[in-house]
Each structure stands twice: as C-alpha cells, then as structure tokens.
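Written out below as structure tokens is the structure these notes cover.
Keep in mind that the numbers below use all heavy atoms, side chains included, and drop hydrogens, waters and symmetry copies.
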Amino acid sequence: MNSSTYRNIYAAVSRIPRGQVATYGQIALLAGLPGRARQVGYALSALNDPSVPWHRVINAKGEISPRSGGSEADELQRLRLEDEGIRFDSHGRIPLHLYRWRPQEAFLDTVSV
DNA sequence: GAGATGACCCCAA
DNA sequence: CTTGGGGCCATCT
C-alpha cells in the first residue's frame, strides 16, 4: 500500500461536513479504493490524528462499528455525533436517509488528483 | 508462505 | 428479521 492511500482516506474523512456521516464504503470510493471498505476501517484503526473526524464514519447499516479493544471509543463516537445534532433511533442506529453525506464536487476534486 | 483476525460491504435464500 | 457465502487487503503469529 502507498502512504498516499492513507492520506486520501484521511482527506476524504476530513471532508465530511459537521452533523453528517459517511459509510466506510463511501470513504473508500472517495479515496479511490472502490470495494476496499475494509481497508478504510484498517486505516482508521491505525489513525492517531485528532484533526480527522473519524467519528463521522459508520458502517452501511447506520450503526457504530463495534471495536475489539476496550469499547470506550464506541461511547466517545456516539457522544460526539449526538453533540453534532445527530439523533439515534430506538434501535441505536442512525437514519442514513437524514444524515448521510452526499458528496458532489468533492468527488471530482479527490479523484482527478 | 500459510492461517487467523479485523472500526467492512453486497447478494441470495 | 437471520444465515451463509463471496470479495476486499494490511498486519501478526
């Protein structure tokens, strides 16, 4: 893998507007890695940069992906999302039809570089 | 190299 | 709704 790959992923995540969320697959697409959603999850687990809003990345079911290690990150992620105005339904899921980020010009921006 | 693991996704039954 | 199968790929044993 190239370090540019990671930078692309982090850059894509950083473009998610406040109060909205994106799925791993979405980020993979934006980073130029179609079908490599898993790689996005891996990149995020290795992430240690506070300037990247990793909490805005959730799985395709609209849920917060459960971590393996100490599950404190899950709580933090939920708190930060709620702080941005995102409401969870009674199933603990996020209504993607309301909060899903729909990138438009950002797509071309990322890919043609 | 082989196997197992992991913050994933999609489809069919 | 749940199961099971397939695909993706970095990292560690």
Close N or O pairs between protein and nucleotides 1-4 of chain B (under 3.5 Å):
none

Applying the side chain to side chain contact (heavy atoms under 4.5 Å, CB included) test to A:V21, which of A:L96, A:I16, A:L98, A:V57 qualifies?
A:L96

Can you name the one residue among A:L47, A:L30, A:D49, A:I27 that meets side chain to side chain contact (heavy atoms under 4.5 Å, CB included) with A:V13?
A:I27

Nearest of [options] to any side-chain atom of [X]?
{"X": "A:R67", "options": "B:dC9, B:dA7, C:dC8", "result": "B:dA7"}
{"X": "A:A60", "options": "B:dA7, B:dC10, C:dA10", "result": "B:dC10"}
{"X": "A:Q39", "options": "C:dC9, B:dC8, C:dT11", "result": "C:dC9"}
{"X": "A:L44", "options": "B:dA7, C:dA10, B:dC10", "result": "B:dA7"}

Please determine if a side-chain N or O atom of A:S45 lies less than 4.0 Å away from the OP1 or OP2 oxygen of B:dG6.
no

Short side-chain N/O contact to C:dC9 OP1/OP2 from A:R38, under 4.0 Å
no

With a 4.0 Å cut-off, would you call A:R80 and A:E84 a salt bridge?
no

When rounded to the nearest Å, what value does the distance between P atoms of C:dG7 and B:dA7 take?
22 Å

Value in whole Å for how far the [atom2] atom of [N] lies from [atom1] of [X]:
{"X": "A:I9", "N": "C:dA10", "atom1": "CD1", "atom2": "C1'", "value": "11 Å"}
{"X": "A:E63", "N": "B:dC8", "atom1": "CD", "atom2": "C1'", "value": "13 Å"}
{"X": "A:L33", "N": "B:dA7", "atom1": "CG", "atom2": "C1'", "value": "16 Å"}
{"X": "A:N59", "N": "B:dG6", "atom1": "CG", "atom2": "P", "value": "16 Å"}
{"X": "A:L29", "N": "B:dC8", "atom1": "CG", "atom2": "P", "value": "18 Å"}
{"X": "A:R36", "N": "C:dG7", "atom1": "CZ", "atom2": "P", "value": "14 Å"}

I'd like to know if the side chain of A:R67 and the backbone of A:S65 have a donor-acceptor N/O pair within less than 3.5 Å.
yes

I'd like to know whether CZ of A:R102 has more than 12 heavy-atom contacts from other residues, nucleotides or ligands below 6.0 angstrom.
yes

Heavy-atom side-chain proximity of A:P53 to A:R18 below 4.5 angstrom:
no

What I'd like to find out is whether the side chain of A:R100 reaches to under 4.5 Å of the side chain of A:I94, using heavy atoms alone.
no

